[in-house]
Every structure is written in C-alpha cells, then in structure tokens.
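Side-chain atoms are counted along with the backbone in the values below, which use heavy atoms only and exclude waters and symmetry mates.
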Amino acid sequence: MLIDRKDFHGYMENWDDQTRKILIERMETRFHREKPEVFSNEEMVLLDAVLSMLIPQRADERIDLAGFLDWAVNKPLGRGDRRADMPAEDVLFHRGLEGIQETSREMFGRRFEELEPEKQKTVLEMIQRGLAKGETWDSIPSHFFFTRLLSKALIGYCAHPFAWMRMGFPGPSYPEGYVWITQHEIRARRNHFPGWKTF
C-alpha cells in the first residue's frame with residue numbers, strides 16, 4: 001500500500017534530527033551526482049539504461065541509481081565478501097559494463113543504450129543466465145556480475161524514502177516502534193497522538 005508524501009512527512013516529525021536530515025537530503029538529491037567519481041560519463045549513461053530495465057521506477061521517483069552506484073562502489077554495503085578469483089568491485093563493474101556492450105553488439109550489432117527495451121531485456125536475461133557472449137565473460141561469470149550489480153543497486157533503491165513510500169514502509173521503527181502494523185493504524189496513531197513517544 002502506497003504512503004503519500006504528506007503522511008511520510010508526518011512520520012518524519014517523530015524521528016531524530018540526524019535521521020530526518022539524511023532522509024530530506026536523499027529526497028532532494030535523489031542520489032544525483034554532478035560529476036561521477038568512479039564511472040565515466042559513458043558508463044553512467046549505460047548504467048542508467050541497465051538499471052532502468054532492472055528496477056523500473058515511477059515517474060515521480062526518478063532515483064538516480066547510477067549516481068548511487070558511483071558513490072557506493074567498494075563501500076561495504078550488503079555483501080562484503082569477494083570471491084578469491086574475482087576482482088575488486090570497481091574493476092568488476094567496469095569490466096561488467098564492457099561485457100554488457102560486447103553482448104549487445106554480438107547479439108544486435110548496437111550499443112545497449114541504443115536498443116529497444118525488448119532487446120535490452122534479452123541481453124540482460126542472457127547475462128543473468130550466464131549465457132552471454134563476449135570476451136569479458138571468459139574471465140568474469142556474467143551471472144556473478146549481474147547479481148552483484150543488481151544487489152548493490154537494490155541497496156540504494158531500498159534506502160531511499162521514495163521507495164519506502166511506494167512499498168508502504170513507514171521508515172525507522174523508533175521512537176514509536178511497529179506496535180500497530182497496518183498503514184491505517186499507523187496513520188490513526190499519528191493523527192490522534194501527535195508527538196507520541198514510547199519512552
């Protein structure tokens with residue numbers, strides 16, 4: 001069940017200043033970066049096209065997941081382990097993006113971002129299934145890259161308040177806790193007990 005922005009801002013009133021500051025910044029910036037630090041501009045365009053296929057967003061969300069990944073690469077978010085035969089995450093992603101272009105050219109003769117959505121979907125399915133063609137995939141299993149990329153992007157998406165509203169997640173459990181489960185009950189509690197605290 002969706003949470004509208006008015007209700008979400010109501011929930012925010014009960015959170016501490018630091019939490020509120022972080023979430024307001026995320027809503028204002030949507031993770032956008034003026035200039036990428038890890039990926040090239042060309043890679044950012046490709047990342048955006050890939051992530052738009054993997055994590056479709058509503059028009060009013062427009063969370064910049066490519067920007068999030070540019071910030072999050074090599075940060076210990078989610079899985080912190082690394083297979084002994086695999087490169088560091090930044091190298092893995094650079095090479096994996098090259099692999100996407102190789103597969104796209106092999107299958108359709110064009111760059112991934114130039115393909116129609118159905119063809120983009122086909123390329124990503126081949127990569128996900130470990131059946132992709134391209135020199136990159138001789139050294140990096142395509143399904144391994146796919147899983148790591150998608151997992152990292154989902155961390156960013158699920159950390160954003162706009163995604164919380166879409167999922168019906170009312171945010172951090174403190175100070176109120178999740179005593180009442182449904183959105184209707186959470187809204188009713190906020191409306192009837194403004195500033196209510198558990199401590």
Is the shortest heavy-atom distance from the side chain of Val50 to the side chain of Leu149 under 4.5 Å? yes
Could you tell me which residues satisfy ring-ring contact (aromatic ring centres under 6.0 Å, His included) with Phe93, sequence neighbours excluded, listed by chain and number? none
Roughly how far, to the nearest 0.5 Å, is CZ of Arg62 from CG of Asp60? 7.5 Å
Establish whether Leu131 and Met53 are linked, either directly or via other cluster members, by ILVMFWY side-chain heavy-atom contacts under 4.5 Å. yes
Looking only at heavy atoms, what is the nearest atom pair of Ile140 and Pro87, with distance? CD1-CG, 4.4 Å
Considering all heavy atoms of both residues, which atom of Glu135 and which atom of Glu102 are nearest to each other, and what is their separation? N-OE1, 2.9 Å
Taking all non-hydrogen atoms of both residues into account, name the closest pair between Leu51 and Ala66 and its distance. CD1-N, 3.7 Å
Do NZ/NE/NH1/NH2 and the carboxylate oxygens of Arg33 and Glu37 come within less than 4.0 Å? yes
Applying side chain to side chain donor-acceptor pair (under 3.5 Å), run through Ser139 and Arg95 and close with a yes or a no. CA-CA 10 Å; Ser139 58; Arg95 290 174 64 189; 2.5 Å; yes
Ser104 (side chain) donor-acceptor with Ile100 (main chain) under 3.5 angstrom: no
For the backbone of Asp90 and the side chain of Asn74, can you confirm whether one donor and one acceptor N or O come within less than 3.5 Å of each other? yes
Do other residues, nucleotides or ligands put more than 12 heavy atoms under 6.0 Å from the CD atom of Glu125? yes
What closest approach, in Å, do Leu124 and Phe146 show between heavy atoms, and which atom pair accounts for it? O-CE1, 3.9 Å
Verdict with reasoning, Glu61 to Tyr157, per side chain to side chain donor-acceptor pair (under 3.5 Å): CA-CA 10 Å; Glu61 291 174 352; Tyr157 183 71; 3.2 Å; yes
For the atom pair CZ (Arg20) and CD1 (Ile22), what is the distance rounded to the nearest 0.5 Å? 11.5 Å
Would a distance-only check, ignoring hydrogens and angles, find a side-chain to backbone donor-acceptor pair under 3.5 Å from Arg110 to Glu114? yes
Could you tell me if the side chain of His143 sits less than 4.5 Å from the side chain of Arg129, heavy atoms only? no
Quick one: pull up OG1 in Thr103 and CD in Glu106 and give me the separation to the nearest 0.5 Å. 7.5 Å
Using modelled atom types only, decide if a donor and an acceptor are shared between the side chain of Lys152 and the backbone of Leu69 within a distance under 3.5 Å. no
Would you say the side-chain atoms of Asp70 pair up with the backbone N or O of Pro36, donor to acceptor, closer than 3.5 Å? no
Could you grab the distance from atom CG of Leu23 to atom CD of Glu28, nearest 0.5 Å is fine? 11.5 Å
NZ or CZ of Lys133 within 45° of Trp137 ring axis and under 6.0 Å: no
Return yes if some donor-acceptor pair links the side-chain N/O of Trp71 with the main-chain N/O of Phe31 below 3.5 Å, else return no. no
Give the minimum heavy-atom separation between Arg30 and Met27, together with the two atoms involved. CG-O, 3.7 Å
Quick check: is Ile155 connected to Phe144 through a chain of hydrophobic side chains (ILVMFWY, heavy atoms under 4.5 Å apart)? yes
Does the side chain of Val123 come within less than 4.5 Å of Met126's, by heavy atoms? no
Ring-ring centroid check His160 Phe68, cutoff 6.0 Å: no
Rounded distance [0.5 Å steps], CE in Met165 versus CZ in Arg58: 9.0 Å
Side chain to side chain, Leu150 and Ile55, heavy atoms closer than 4.5 Å: yes
Looking at Gln101 and Phe112, would you say the former's side chain and the latter's main chain have a donor-acceptor pair under 3.5 Å? yes
Would you say Glu43's side chain and Ser40's backbone share a donor-acceptor pair under 3.5 angstrom? yes
Any side-chain heavy atom of Phe39 within less than 4.5 Å of one from His94? yes
Donor-acceptor check, side chain of Glu113 to backbone of Leu46, threshold 3.5 angstrom: yes or no? no
Can you tell me how far apart CE (Met86) and CG (Leu92) are? Round to the nearest 0.5 Å. 7.5 Å
Does the pair Leu65 and Gln57 meet the rule for a side chain to side chain contact (heavy atoms under 4.5 Å, CB included), with working shown? CA-CA 10 Å; Leu65 295 177; Gln57 298 185 51; 3.9 Å; yes
Shortest non-hydrogen contact between Ala163 and Ile63, atoms and distance: N-CD1, 4.2 Å
Given the rule that I, L, V, M, F, W and Y join up when any side-chain heavy atoms are under 4.5 Å apart, are Met44 and Val91 in one cluster? no
Is the shortest heavy-atom distance from the side chain of Ser142 to the side chain of Gln128 under 4.5 Å? no
If you group Ile, Leu, Val, Met, Phe, Trp and Tyr by side-chain heavy-atom gaps below 4.5 Å, do Leu115 and Val45 land in one group? no
Just by distance, do the side chain of Glu98 and the backbone of Thr136 share a donor-acceptor pair under 3.5 Å? no
